[in-house]
Amino acid sequence: MDNQAMPIASTSSYTKVQYLQRQAASLLLYQSVLQGEVGMAFLELLQAIRYTDSDARSCLQAYGSYFHALAAKNQNWEDYLITQLLFSKNPFTKLAETREFEELPPALLAAVKHDLQILQSLYECSSASLSEWIQNVAHMPISPVVWYKEQELVGVETKFATYLQELDNWGDAVEELAAYYRQCGSGLFAEYRALRWQGGQFIGIRYSDPVKLSALVGYESQRDALLKNTEFLLSGEMALHVLLYGSRGSGKSSLVKSLLNEYSNRSLRLLEVTKSDLKDLPEIVEHLRGVSQKFIIFVDDLSFEEDDDAFKALKVVLEGNLTARPQNVVVYATSNRRHLIREFFVDRPTPKDNKEIHAWDTMQEKLSFSDRFGLTLTFEPADQKTYLKIVQHLAAQAEINITQEDLEFQALQWATRHNGRSGRTARQFVDFLKADLRLFNSNKDTSNTSD
């Protein structure tokens, strides 16, 4: 008998664990909440507690795996459960994003109520309770360490978590939950502000570029035009596709990425699509149709070769076809080329050509492809005045304390020795100067201390 699994000693604990297992198994829509690493570790721990071996080794190992999973996620069990609930993708969340609450099927609402009550019982099974059960079944003098950290949910997630915590019965939260999905969406688009299309699927970007709009200076008219168009998108109006064309390092990409940090609280999402994946663009757009968030499809450094499938796919999205264009999606592309398709002299028709009769028409279609973007913003190379203006702005934000004369002198030297005058060069110079001054001051302080 010693080598066989046996029920845990405490009948009341055994009954509680058995109840929780049955509850978890009876979820109708929210099974995904328990399918992540933390959820699976939780279920395996319940099983180990319910059927412990003679020396309780399996229980201790299962608790270690559960603790490790929470620590790796850097969340409490309670916070984890709520975030999984809010980010879940299932038939209810999909319909709730696009329909009024009164239009949702009654059977679906009943299933959500059922699942919410189950999730509440799992929520109330705290890590502290599990630790006590482990102490009992393993006959330990003290209970294992409990994973705990301060709650870090933000924004509407915190608001909804607080709302649930104050409810006696989570089953009463169905309508509020539907309203949350309608406002914030569900799945990856609710969890991540920035995503990329890769390998035929959406991949969340956890650490997106933190560049702020306030850090960009020197191209105010282009910035204002892009902001206005983005406001159209966020307001539900028909926004234009935008081509940002100009010299390298002028801040085109940074301007687009800064929109995410400016407007993500208004359900804006930035979706990065590489040139090699542009062939999937019509499919991507259909995935985004009807989703509650607004999407900027960001294509960086755009150019095409002749007979490029990506060219044809982008043309379909820009010009449209029989399928109506969704109003929650626009394309913002950057390029260093005004004419996006490479043209060679051999492509130009001559009277002796015996090839295409209307070759000029074909060439003009290629050259005018950029005109298919509704809005083209041109970024001219930075002159010395603009370059120094950018440097001064970034230096002020970085709190670099040197004279303006010295700053400008060093900035111009840097531009001469490195990549010429541009916003990118200004950023690289200020970053270098900031690090150099910090290191100098640190060495100075160390030297004074040793003296």
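Numbers here are sequence positions counted from 1.
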| Can you name the closest pair of heavy atoms from Ala41 and Tyr66 and give their distance? | CB-CA, 3.8 Å
| If only atom types and distance count, is the side chain of Arg182 paired as donor or acceptor with the main-chain N or O of Arg99 below 3.5 Å? | yes
| query | Yes or no on side-chain contact (heavy atoms from CB on, under 4.5 Å) for Tyr63 and His68, after CA distance, side-chain angles and deciding distance? | reply | CA-CA 8 Å; Tyr63 185 81; His68 183 278; over 6 Å; no
| Exceeds 12 heavy-atom contacts within 6.0 angstrom, atom CG of Asn169 | yes
| Under 4.5 Å between any side-chain heavy atoms of Leu377 and Phe379, yes or no? | yes
| Check ion pair Arg427-Asp431 (N to O, under 4.0 angstrom) | yes
| query | With distance as the sole criterion, is a donor-acceptor pair present between the side chains of Tyr332 and Asn229 under 3.5 Å? | reply | yes
| Using a distance-only test with no angle check, is there a side-chain donor-acceptor pair under 3.5 angstrom linking Asn261 and Ser258? | no
| field | Salt-bridge present (Glu286, Arg289; N to O < 4.0 Å) | value | yes
| Close side-chain approach of Trp170 to Gln117, heavy-atom, < 4.5 Å | no
| field | Closest heavy-atom pair and its distance - Thr83, Gln75 | value | CG2-NE2, 3.4 Å
| query | Does the side-chain contact (heavy atoms from CB on, under 4.5 Å) test come out yes or no for Trp197 and Leu281, once each step is laid out? | reply | CA-CA 9 Å; Trp197 177 263; Leu281 205 52; over 6 Å; no
| said: Tell me whether Glu231 is salt-bridged to Arg266, with the criterion being a basic N under 4.0 Å from an acidic carboxylate O. | reply: yes
| remark: Partner of Phe67 under ring pair (Phe, Tyr, Trp, His ring centres under 6.0 Å), picked from Trp147, Tyr148, Trp77, is Trp147
| task | Consider only side-chain N and O atoms of Tyr219 and Thr386, and report whether a donor and an acceptor are under 3.5 Å apart. | result | no
| request: Indicate, with yes or no, if the rings of Phe202 and His287 have centres closer together than 6.0 Å. | output: yes
| query | Heavy-atom distance under 4.5 Å between the side chains of Val291 and Phe189, does that happen here? | reply | yes
| query | Is atom OH of Tyr19 surrounded by more than 12 heavy atoms (other residues, nucleotides or ligands) closer than 6.0 Å? | reply | no
Pair up each side-chain donor or acceptor in residues 25-33 with any protein partner under 3.5 Å, not counting sequence neighbours, and list the distances.
residue: Ser26; atom: OG; partner: Arg22; partner atom: O; Å: 3.3
residue: Ser26; atom: OG; partner: Gln23; partner atom: O; Å: 2.9
residue: Tyr30; atom: OH; partner: Tyr181; partner atom: OH; Å: 3.0
residue: Gln31; atom: NE2; partner: Leu27; partner atom: O; Å: 3.2
residue: Gln31; atom: NE2; partner: Leu28; partner atom: O; Å: 3.2
residue: Ser32; atom: OG; partner: Ser88; partner atom: OG; Å: 3.1

| Where is the tightest heavy-atom contact between Leu108 and Pro91, given as atom of each residue plus distance? | CD2-O, 4.1 Å
| said: Under a 3.5 Å distance rule, please check whether Asn328 uses its side chain to pair with a backbone N or O of Leu288 as donor and acceptor. | reply: yes
| field | Test log, rule salt bridge (charged side-chain N to carboxylate O under 4.0 Å, His left out), inputs Arg438 and Glu399 | value | CA-CA 11 Å; Arg438 281 186 174 178; Glu399 299 180 347; over 6 Å; no
| said: Walk me through whether Leu226 and Leu244 qualify under side-chain contact (heavy atoms from CB on, under 4.5 Å). | reply: CA-CA 9 Å; Leu226 192 65; Leu244 296 87; 4.2 Å; yes
| message | Determine whether a donor-acceptor pair (N or O, by modelled atom type, separation under 3.5 Å) exists between the side chain of Ser267 and the backbone of Gln293. | response | no
| message | One pair to check against side-chain contact (heavy atoms from CB on, under 4.5 Å): Val331 and Phe373. What are the steps and the verdict? | response | CA-CA 9 Å; Val331 175; Phe373 288 88; 4.3 Å; yes
| Do the charged groups of Glu97 and Lys89 touch, with an N to O distance under 4.0 Å? | yes
| request: Kindly say whether Thr93 contributes a backbone atom to a donor-acceptor pair with the side chain of Asn90 at under 3.5 angstrom? | output: yes
| Is Arg193 salt-bridged to Glu272, cutoff N-O under 4.0 Å? | no
| query | Do Ser422 and Arg248 meet the criterion of a side-chain donor-acceptor pair at a distance under 3.5 Å? | reply | no
| field | Least distance between heavy atoms, Ala62 atom then Ala48 atom | value | CB-CB, 3.7 Å
| query | Does Phe432 have its ring centroid less than 6.0 Å away from the ring centroid of Phe429? | reply | no
| query | Does atom CG of Asn265 have more than 12 heavy-atom neighbours from other groups under 6.0 Å away? | reply | yes
| remark: CD of Glu124 to CD of Gln120, rounded to nearest 0.5 Å, is 4.5 Å
| request: State, yes or no, whether a side-chain contact exists between Asp115 and Leu85 at a heavy-atom distance under 4.5 Å. | output: no
| message | Minimum heavy-atom separation for Phe42 and Cys125, please, with both atom names. | response | CE1-SG, 4.0 Å
| request: Taking all non-hydrogen atoms of both residues into account, name the closest pair between Pro141 and Gln135 and its distance. | output: O-NE2, 3.3 Å
| field | From OG (Ser253) to CZ (Phe298), nearest 0.5 Å | value | 4.0 Å
| field | Side-chain (Ser58) to main-chain (Thr52) donor-acceptor, under 3.5 angstrom | value | no
